[in-house]
Amino acid sequence: MHRYNITFQYLSPADKVLDIACGNGFGSYILSKKTKELVIGGDISAETIDYCSKQYTSEKNLQFKVIDGTNMPFENNHFDCITSFETIEHTTKYKEMIQEFYRILKDGGIAIVSTPNIKVNSPTGIVLNPFHTQE
């Protein structure tokens, strides 16, 4: 919730939002309560998106889509805000992902990204989490 609370400080009711790597969809759902515009929760897992689509049916401005963060199906300058929490450490293509954020983010828009701190998660300098490609 801490990360979403930070996001709320930058979000206006007129902002179109992408929540990439949305996981169980709860974050996308609460973002949809803070804006009147479209919020898209995206994840690479079709199973995850199927779950989210069934779980959160009440919000008319909320959609869930299967999306690869390194090749997103949106026009340039499409979103006012992009969130991606605890995601980029799971891909070796994190630079491509950040480039996609930049491409689809409107001028003056904001991307809010979080990732584990290697000094905390892997203090020896060796990444311990088998699902992380780097930290």
Inset, instruction - Could you pull out all residues at least two apart from Lys36 that satisfy salt bridge (Lys or Arg N to Asp or Glu O under 4.0 Å)? - result: none

Legend entry - Spacing of CD belonging to Gln63 relative to OG belonging to Ser53, to within rounding of 0.5 Å: 9.0 Å

Legend entry - Other cluster members, Tyr51 - Ile/Leu/Val/Met/Phe/Trp/Tyr, side-chain contacts below 4.5 Å: none

Inset, instruction - Quick one: list whatever passes side chain to side chain donor-acceptor pair (under 3.5 Å) with Ser32, sequence neighbours left out. - result: none

Legend entry - Sequence-distant partners of Glu59, salt bridge (Lys or Arg N to Asp or Glu O under 4.0 Å), two or more places apart: Lys33

Legend entry - Nearest-0.5 Å distance, CD of residue Gln99 to NZ of residue Lys95: 9.0 Å

Inset, instruction - Please check if Ile67 and Phe79 belong to a single hydrophobic cluster, counting links between Ile, Leu, Val, Met, Phe, Trp and Tyr side chain heavy atoms closer than 4.5 Å. - result: yes

Legend entry - From SG (Cys81) to CG (Leu18), nearest 0.5 Å: 9.0 Å

Inset, instruction - Answer with yes or no whether the hydrophobic clustering places Leu105 together with Ile20; edges join I, L, V, M, F, W, Y residues whose side-chain heavy atoms lie under 4.5 Å apart. - result: yes

Legend entry - Apart from Tyr102 itself, residues in the same hydrophobic cluster as defined by side-chain heavy atoms under 4.5 Å: none

What donor-acceptor contacts under 3.5 angstrom involve side-chain atoms of residues 68-76, with partners at least two apart or in another chain?
residue: Asp68; atom: OD1; partner: Thr70; partner atom: N; Å: 2.9
residue: Asp68; atom: OD1; partner: Thr70; partner atom: OG1; Å: 2.8
residue: Asp68; atom: OD2; partner: Thr70; partner atom: OG1; Å: 3.4
residue: Asn76; atom: OD1; partner: Arg103; partner atom: NH1; Å: 2.9

Inset, instruction - Examine Phe85 and Tyr10 and state if one hydrophobic cluster contains both, with Ile, Leu, Val, Met, Phe, Trp and Tyr joined whenever side-chain heavy atoms are less than 4.5 Å apart. - result: yes

Inset, instruction - Any chance you could measure Ser58, atom OG, to Tyr29, atom OH, to the nearest 0.5 Å? - result: 5.0 Å

Legend entry - Nearest atoms (heavy-atom pairs only) where Leu62 meets Tyr56: CD2-CB, 3.9 Å

Inset, instruction - Could you tell me whether the side chain of Ser114 and the main chain of Glu86 form a donor-acceptor pair under 3.5 Å? - result: yes

Legend entry - Separation of Ile104 CD1 from Ile82 CD1 (nearest 0.5 Å): 4.0 Å

Legend entry - Residues which pass salt bridge (Lys or Arg N to Asp or Glu O under 4.0 Å) with Asp50, listed by chain and number, not counting sequence neighbours: Lys54

Inset, instruction - For residues 112-126, pull every pair meeting salt bridge (Lys or Arg N to Asp or Glu O under 4.0 Å), keeping only residues two or more places apart or in separate chains. - result: none

Inset, instruction - Quick one: list whatever passes salt bridge (Lys or Arg N to Asp or Glu O under 4.0 Å) with Asp80, sequence neighbours left out. - result: Lys106

Inset, instruction - Not counting sequence neighbours, which residues clear ring pair (Phe, Tyr, Trp, His ring centres under 6.0 Å) with Phe101? List them please. - result: none

Legend entry - Side-chain (Asp15) to main-chain (Thr35) donor-acceptor, under 3.5 angstrom: no

Please tabulate, one pair per line, all N/O donor-acceptor pairs under 3.5 Å involving side-chain atoms of residues 37-45, not counting sequence neighbours.
residue: Asp43; atom: OD1; partner: Ser45; partner atom: N; Å: 3.0
residue: Asp43; atom: OD2; partner: Cys22; partner atom: N; Å: 3.4
residue: Asp43; atom: OD2; partner: Gly23; partner atom: N; Å: 3.1
residue: Ser45; atom: OG; partner: Glu47; partner atom: N; Å: 3.4
residue: Ser45; atom: OG; partner: Thr48; partner atom: N; Å: 3.1
residue: Ser45; atom: OG; partner: Thr48; partner atom: OG1; Å: 3.1

Legend entry - Which atom of Phe64 lies closest to which atom of Gly25, heavy atoms considered: CE2-CA, 3.8 Å

Legend entry - Those residues that, when tested against Ile30, pass side chain to side chain contact (heavy atoms under 4.5 Å, CB included) (two or more places apart): Met1, Tyr4, Phe8, Phe26

Inset, instruction - Take Ile112 and Arg3 through the test side chain to side chain contact (heavy atoms under 4.5 Å, CB included) and record every step on the way to the result. - result: CA-CA 9 Å; Ile112 302 172; Arg3 293 169 185 90; over 6 Å; no

Inset, instruction - Establish whether Val113 and Ile110 are linked, either directly or via other cluster members, by ILVMFWY side-chain heavy-atom contacts under 4.5 Å. - result: no

